[in-house]
Amino acid sequence: MNNIVRRVDLRPTDPSDRMSFARRLQAAFALAVTDHGPSSDVPTPSDREVFASFDDAASEVLDVVAEGEVVGGAVVTGDDDRRSLELFLIDASAHGRGLGRTAWHAIEARYPDTGIWETHTPHFEVRNIHFYVNVCGFHIVEFFHPGHPLEHPGEAQADEDHSPEVGEDVPELMFRFEKVVPRAVRTPGPPGRPSA
């Protein structure tokens, strides 16, 4: 039986469904954390991180829908020059049906003028690394570690008298990925004229 899904729809997540989105996202990350990462009672990503991405005015929170059922989600930020895939998930119960690849193609099609895509994933998320590099065409462009930390613009830096609360720290070992979309692919010129 061929259960590969060839089409998904992206629709804005209803604000009343955002808690469900957050829990599904944390459940997806918990599988990798349990298998390969550090153990913790604090969900990854934290509620603070998830809801900060939801509340960012530049973010679009999307459900991934296949055959009428919500099977995943994504949070996209940025503008036509550079967009970031902040969060992305396909529910574990829907794995193995080609939904990740199909959803990524739908995301690219939703933002056709994007010049550079960016995303991050923890070092132990081997499935994500494979997916972004081998399936989606991203390249690893940076590795964050204690000597080269991931900074969060706009957040106050911890000083000697104030350290982050437990569970609010960012994983220390993260990859940053980029995918450069050739100009001819994203903004074709008028018929009969070559693209610049």
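None of these values were measured; they are calculated from a predicted model. Heavy-atom basis, side chains included; hydrogens, waters and symmetry copies ignored.
- Here Val70 sits in one hydrophobic cluster together with Val65; the rule is ILVMFWY side chains under 4.5 Å apart, joined directly or through other members.
- Thr13 places a side-chain N or O within 3.5 Å of a backbone atom of Asp63 that can act as its donor or acceptor partner.
- Heavy-atom minimum distance, Ala94 versus Val71: CB-CB, 4.1 Å.
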For residues 132-140, please give each side-chain donor-acceptor pair under 3.5 Å, one per line with the distance, not counting sequence neighbours.
{"residue": "Asn134", "atom": "ND2", "partner": "His130", "partner atom": "ND1", "Å": "3.0"}

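- Screening residues 46-86 for ring pair (Phe, Tyr, Trp, His ring centres under 6.0 Å) gives Phe21-Phe54, Phe51-Phe54 as the qualifying pairs, with residues at least two apart or on separate chains.
- Between Val50 and Ala22, the shortest heavy-atom distance links the atoms CG1-CB, 3.7 Å.
- Between Arg127 and Glu125 the shortest side-chain heavy-atom distance falls below 4.5 Å.
- Here the closest heavy-atom approach between residue Pro149 and residue Gly147 is recorded as CD-C, 3.7 Å.
- Residues passing the salt bridge (charged side-chain N to carboxylate O under 4.0 Å, His left out) test with Asp14, sequence neighbours excluded: none.
- Residues Glu67 and Arg97 form a side-chain contact, since some pair of their non-hydrogen atoms from C-beta on lies under 4.5 Å apart.
- Tested against Trp104 for a ring-ring contact (aromatic ring centres under 6.0 Å, His included), the candidates Phe131, Phe88, Tyr111, Trp117 yield a single pass: Trp117.
- Partners of His145 according to the ring pair (Phe, Tyr, Trp, His ring centres under 6.0 Å) rule, which considers only residues two or more places apart in sequence or in another chain, are Phe143.
- Summarising the geometry of Val8 relative to Thr102, their closest heavy-atom pair is N-CG2, 3.7 Å, with the distance given to 0.1 Å.
- The salt bridge (charged side-chain N to carboxylate O under 4.0 Å, His left out) test applied to Glu178 returns Arg82, Arg176, not counting sequence neighbours.
- How far CZ of Arg24 is from CE of Met19: 13.5 Å, rounded to the nearest 0.5 Å.
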